[in-house]
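Working notes for the structure below.
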2 protein chains.
Amino acid sequence: MPKVRTAQETPLSQDCDNCPIRHRAVCARCEADELRFLETIKYYRRFDAGQTVVWSGDRMDFVASVVSGIATLSQTMEDGRRQMVGLLLPSDFVGRPGRPAAAYDVTATSDLVMCCFRRGPFEDMMRTTPSISQRLLEMTLDELDAAREWMLLLGRKTAREKIASLVAIIARRDASLKLHGRSQSLSFDLPLTREAMADYLGLTLETVSRQISALKKDGVIQLTGQRHVTIPDFNRLVEETGDDTDGGFLV
Amino acid sequence: MPKVRTAQETPLSQDCDNCPIRHRAVCARCEADELRFLETIKYYRRFDAGQTVVWSGDRMDFVASVVSGIATLSQTMEDGRRQMVGLLLPSDFVGRPGRPAAAYDVTATSDLVMCCFRRGPFEDMMRTTPSISQRLLEMTLDELDAAREWMLLLGRKTAREKIASLVAIIARRDASLKLHGRSQSLSFDLPLTREAMADYLGLTLETVSRQISALKKDGVIQLTGQRHVTIPDFNRLVEETGDDTDGGFLV
DNA sequence: GCATGGTTTTGATCTACGTCAAGGCGGCGA
DNA sequence: TCGCCGCCTTGACGTAGATCAAAACCATGC
């Protein structure tokens, strides 16, 4: 159990700016007390790429937020058909307070560090600290919007539009992680295998591969190796997604 | 503006048991004061079947919950492709606190009564009354789960499985509205046109019609008229959905 | 009764994507 | 250096569901 050691190694305030629980929210007393309290309910876990965090239906006695790396949420049918239902990036939250079992398979796609909270104490804190519910509500509403956008993609978009949408999403997130490099030539690695993309988009891996090749041939994207993408013209890519070009700013 | 009149016609406590705002939450003072306060921020609106409540992007200065009837949330692409992303039944909540514009088209599928709260005062109350955020969080998490189940359906199920799933969902909700009639022969009206079902399932209306005919021919469902369905054997129907038969009780 | 318009069914055909199968590429350990 | 194994690509072919088109159904008003 490396929880105490890890918590001391990396100051909490540094890694967990996006956690639903901030220092101040936990305890108004001195920093030392705070840390000592946090150490009893909060700990880090590391996973290697490909490792499963939990299986759907397994007991899950923590909630967590992603510190670094990428994880996926997926559902599988008895005959093996699989659908991803969420992509977890740094600062995203997993687990449902009040629910003792995982509802989805959670898998580390890259090396992954998660910041976990024991579920019981976390639920207690939610009761006593309204800001946690409020923050969680905001995050959940964002996820719901993302899920609904994804429903449009799954139900109505063509394979080419699906690929373009996924690449655009990854590009946007990547760009917002770096600085706000407006409409310049973007360049990044795809964090998912072709199979994972297929599971995400409701396609087969062959179709994913073919459509990526097609977008490459048409100059919408450039590929170096199999994973590294550069986007010469982001607007061109967005046109291929089938989405409104104005990006729909709703806040 | 029928807000005051309507509020008085039907006692609030009766229609709005499932509203995120309950009487007690609003005001601890006497019932009269409470009512008078509520009347300033809460009002009913009625819509005819087929009417649009708001269009995506329109200003929306209220949040609301469905009192009776059925509404749908949908997104449409520029070329007219349409995908439903939510089905609103009595007690379901629409609108996002903090967001001034609708993110989706909201349409009344049947005659509809909604209980609306002015957005500004509602947001104030959320700040002062933590139970509202907590309740809303629960509801949003449920919706997110439903959305994710729908993603599996859209991405991976066959047309026949999609139809069976939809019928099963409607049947279950109908059954839980009536009494808990366990695994008996169920009977109800489909609240959606074939086209609306198609938009919900990511299919065309022709495919919907064909698959309904097929399920009927195979004895999985019985049809009287075009809308009235009876399910002779619910388990048989569930087998056709492709879902785990154990229903996955997670809570 | 009959005309009207929205909904639903059914048929004939087309096509985007899935399926099956064969290689190619690139990293890693022996 | 070679061979292995996991990824990825590409081709040939099959099929579920889309598309196009016609007709049947059903409620409504005249």
Side-chain angles (χ1 to χ4, degrees), chain A residues 48-51 77 79-83 107-110 153-167 189-218 221-229 240 242, chain B residues 48-51 77 79-83 107 109-111 153-167 189-218 221-229 240 242:
Chain A
D48 295 329
Q51 239 186 315
M77 297 171 65
D79 60 6
R81 279 177 281 174
R82 203 144 67 92
Q83 177 64 51
T107 313
T109 289
S110 65
L153 178 146
L154 289 171
R156 293 304 186 193
K157 288 190 178 178
T158 65
R160 171 182 261 247
E161 288 169 339
K162 287 178 176 181
I163 297 287
S165 301
L166 180 58
V167 174
D189 279 332
L190 294 173
L192 301 171
T193 65
R194 301 289 186 263
E195 190 183 22
M197 291 188 232
D199 285 340
Y200 206 10
L201 299 170
L203 297 171
T204 58
L205 94 228
E206 293 96 328
T207 300
V208 169
S209 177
R210 270 186 256 270
Q211 296 298 336
I212 288 181
S213 299
L215 288 175
K216 177 183 169 186
K217 186 162 72 60
D218 297 346
I221 63 176
Q222 289 155 12
L223 267 188
T224 49
Q226 298 163 318
R227 293 291 191 92
H228 194 80
V229 176
E240 296 282 353
Chain B
D48 295 329
Q51 239 185 316
M77 296 170 67
D79 61 4
R81 280 176 281 174
R82 204 145 66 90
Q83 177 65 51
T107 312
T109 289
S110 65
D111 290 347
L153 177 145
L154 290 170
R156 294 303 187 193
K157 288 190 178 179
T158 65
R160 172 181 261 246
E161 287 169 341
K162 287 178 175 181
I163 297 287
S165 301
L166 181 59
V167 174
D189 279 331
L190 294 173
L192 301 171
T193 66
R194 300 288 186 263
E195 190 183 21
M197 289 190 234
D199 285 340
Y200 205 12
L201 299 170
L203 297 170
T204 58
L205 95 226
E206 293 96 327
T207 300
V208 169
S209 177
R210 271 186 255 271
Q211 295 298 336
I212 289 181
S213 299
L215 287 175
K216 176 183 171 188
K217 187 161 72 60
D218 298 348
I221 62 176
Q222 289 155 14
L223 268 190
T224 50
Q226 296 162 317
R227 293 292 192 90
H228 194 81
V229 176
E240 296 281 353

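Values in this document were obtained by computation on a predicted structure and should not be read as measured data. The sequence lines fix the lettering, A, B, ..., with proteins before strands; numbering per chain opens at 1.
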- Message: Base, sugar-phosphate or nothing for A/G202? Non-hydrogen atoms, less than 4.0 Å.
- Response: sugar-phosphate
- B/T193 vs B/M197 side-chain heavy atoms within contact, under 4.5 Å: no
- Can you check each nucleotide of nucleotides 4-16 of chain D against protein heavy atoms at under 4.0 Å and return B for base, S for sugar-phosphate only, - for none, in 5' to 3' order? ----SBBBB----
- Item | B/R156 (side chain) donor-acceptor with A/R82 (main chain) under 3.5 angstrom | yes
- Query: Are A/D218 and A/R160 close enough for a salt bridge, meaning some N to O gap below 4.0 Å?
  - Reply: yes
- Could I get the full list of salt bridge (charged side-chain N to carboxylate O under 4.0 Å, His left out) partners for A/D79, not counting sequence neighbours? A/R81
- Got a salt bridge between A/R227 and A/D189, using NZ or NE/NH1/NH2 to carboxylate O under 4.0 Å? no
- Task: Provide, to the nearest angstrom, the distance between the CG atom belonging to A/L203 and the P atom belonging to D/dG17.
- Result: 14 Å
- Task: Mind checking the OH-CD spacing from B/Y200 to B/Q83? Nearest 0.5 Å is all I need.
- Result: 9.5 Å
- Note on the structure: The first and last nucleotides of DNA chain C lying within contact of chain A, meaning any atom under 4.0 Å from one of its heavy atoms, run from C/dC17 to C/dC20
- CD/A/Q51 to OG1/A/T109 distance, rounded to the nearest 0.5 angstrom? 12.0 Å
- Item | Under 3.5 Å: donor-acceptor pair, side chain of A/S213, backbone of A/S209 | yes
